[in-house]
Structures are given as structure tokens and as C-alpha cells.
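Ligands are counted one by one from 1 in listed order, and the atoms in each one are counted from 1 as well.
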Amino acid sequence: MNKHDFALSRRGFCLCCLGGAALATTGQWLTPREAFAAAKSQVLIIREAAAKADITTIKLRDGVSVLVGSGGNVGVITGKDGKLLVDAGITATRPKLEAALADLGKDPITHLVNTHWHFDHTDGNEWLNSEGAAILAHPNTLRHLEAATRVEDWNFDFPPSPKGALPTKLLKGNTETLKLDGKTIKLKAYPPAHTDSDLSVFFEDANVIHVGDTLWNGLYPFIDNSTGGSIDGQINAAEADIKMIDKETIVIPGHGEIANRQDLVEWRDMLVGARDAVAKLKKEGRTVEETIAANPTKQWDAKFGQWVIPPALFTRVVYEGV
Ligand SMILES: [Zn+2]
């Protein structure tokens, strides 16, 4: 069995064959946009990577840790009032996540916060809820999870989530403060940013913040124009994060390695530069394909374009938002 057959049987289909399959089904060639989306479904890439990944635990400060390897970074604070998790990872890694959580202490999992509705941050909601975790989220996270939701740039239709996966407590205003084991945990909603459902979670005593997908440290982000996100929202969120923290703050990004304020500044500068370069080409009347071909993000590609969001997809989602 060659590598190609293996991929086919393992996944039930093969990413590199999607173009051909669509041709056979419809009798028509895919448009460049459809071909791009079909070949690059980030949902499948992230799910597959998480299913194979090991979980790495990094202890940060004052009972706050991060579990890396299951979709978005999972923040954890442990204490006698139980464990609070920030983001739920991918369900396929449940056994490894459970083992990593058990290693942090025997306190039960009592709370889960979803930083936004995306699958790589909410996929594990159902099993965590079944273990007793209340799920806190922005009202728009509930809205997107309980309905079928299409993300155009992933070319992916998410079905409605099962009832057990839905948030059980919604943020009422823009901020909310929790007290667990005497420690202060501040939740803050952003105006539409990466999506229309983003939250950050600040562990004030530890001076550690989980900023969800308002930071992909050292990586181009996906920006979800389908559910309220935009490049300008992403930039505004980065500005808000920079204002909220100091140079001692440990920043847990949604994706990428543990960061600090300087990483956020460099990320914000890249976003602003990419926005301006793409907006200029769009204003000149270039199509999205012509804009991608002009490679407006060239100066940042070596640093930020090396993971699941390549320069072409990043340019596309920026173009759609300016
Ligand atoms: Zn996301």
C-alpha cells in the first residue's frame, strides 16, 4: 500500500483528490476560490494534527499551566475550588488531556471558558461538561454552536453541536470577574475581533492572560469573516491586549508558543503592515487572486507564514475584510 492509498483509507478521502472528486460529481471545474478552499481545509489539517499529537504541559506561575497540542492552547488554573480550563481542545485527545490534567492535581474540573466558538477551542466541550464543568462563553459562542454554521474560508459546514456541548453560562456585559480559591479571574469580551465571540481570561494574581485567538504568536492568523471577524477587529484586539498587560505578563496565545508583551507588539505591527499592503492593492482594483499573486506579505512570510495559515490564505482573509 503506498502512502496515497494509506491517506485515502485512513481519512475516508484524501485532500489532494478533492478537486478531482468535485469535478466528477458536478461535471465542472472548481473555481480558483473553490479549489483553494477544498485543497486547504484547515479544519481537517488541525483535527488530524491534534489526533496524533502528544500533550505537553508547561507550568507557568501560581497554579496556572498550559496544555499544548490539542487544537488551541488550553489554559488551566488549579486550586481547592477545582480546575478552571480555558478552551477545550479537540475531543480526539481526551485521554491524553485527562492524563495531563490528573498530573496537575486531583481537583475536579469545575469550570471551562471558551475563548470563542471555533471548533479547535470548543470541540471538547461535551466531555468536559459531562465531567461536571460549567461552560462560560460569549453569547455569540452559544449562537454559533447551537446552529449549523458555515465558515466560508474553510469551505466547511459545522453541524449544530449536541446539547451537552453548549455553554451553560453566558457573559452578561463586556467583563465578568470570577473568584476561585481566593484568586481573581477576569473575563473580557472584545468587540468583533477574530470572530464576534472572542474573550480573554486574565489570572490577575499570577499575571498570566489567555488571549484566545486575538494572538497567534509568530503565526499568521485565520480571521473568520463569516462570523464577524475582520483584520481591523484583529488589530483592535491586539491593541487592547497590549494596553491590558505589562512587560511581566505571561501571555497564552490561542496558537503558538507562550508569549510576552513584545511578541504582541510585533504581531500587531505585522497585522497593521499586512492590512495596509493588501488594502492598497484592493483599492487599485486588483482582484483577490491578483492581490495574492503580488505577494503583499512577503516581508513577514519567513517569520509568520510557516504553519497552518500560509501567506495566500492570510492575504485572502485580510482582503475580504478591507
Ligand atoms: Zn479561532
> Which residue, Asp224, Thr149, Thr195, forms the side chain to side chain donor-acceptor pair (under 3.5 Å) with His118?
Replying inline: Asp224
> With a cut-off of 2.8 Å, does any N, O or S atom of His121 fall short of it relative to the Zn ion (ligand 1)?
Replying inline: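 No - counting backbone and side chain alike, His121 has no N, O or S atom under 2.8 Å.
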> Among side-chain atoms of His116 and Asp196, is any donor-acceptor pair under 3.5 angstrom?
Replying inline: no
> What does the angle at the Zn ion (ligand 1) come to, between atom OD2 of Asp213 and atom ND1 of His118, rounded to 10°?
Replying inline: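 That angle is 170°.
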>> As a quick check of understanding, evaluate salt bridge (Lys or Arg N to Asp or Glu O under 4.0 Å) for Asp54 and Lys96, giving each step before the final call.
In response: CA-CA 7 Å; Asp54 284 322; Lys96 289 175 185 168; 3.4 Å; yes
> Is the cationic atom of Lys186 (NZ for Lys, CZ for Arg) positioned less than 6.0 Å from the six-membered ring centroid of Phe202 and within 45 degrees of its normal?
Replying inline: no
> In His194, which N, O or S atom comes closest to the Zn ion (ligand 1)?
Replying inline: NE2
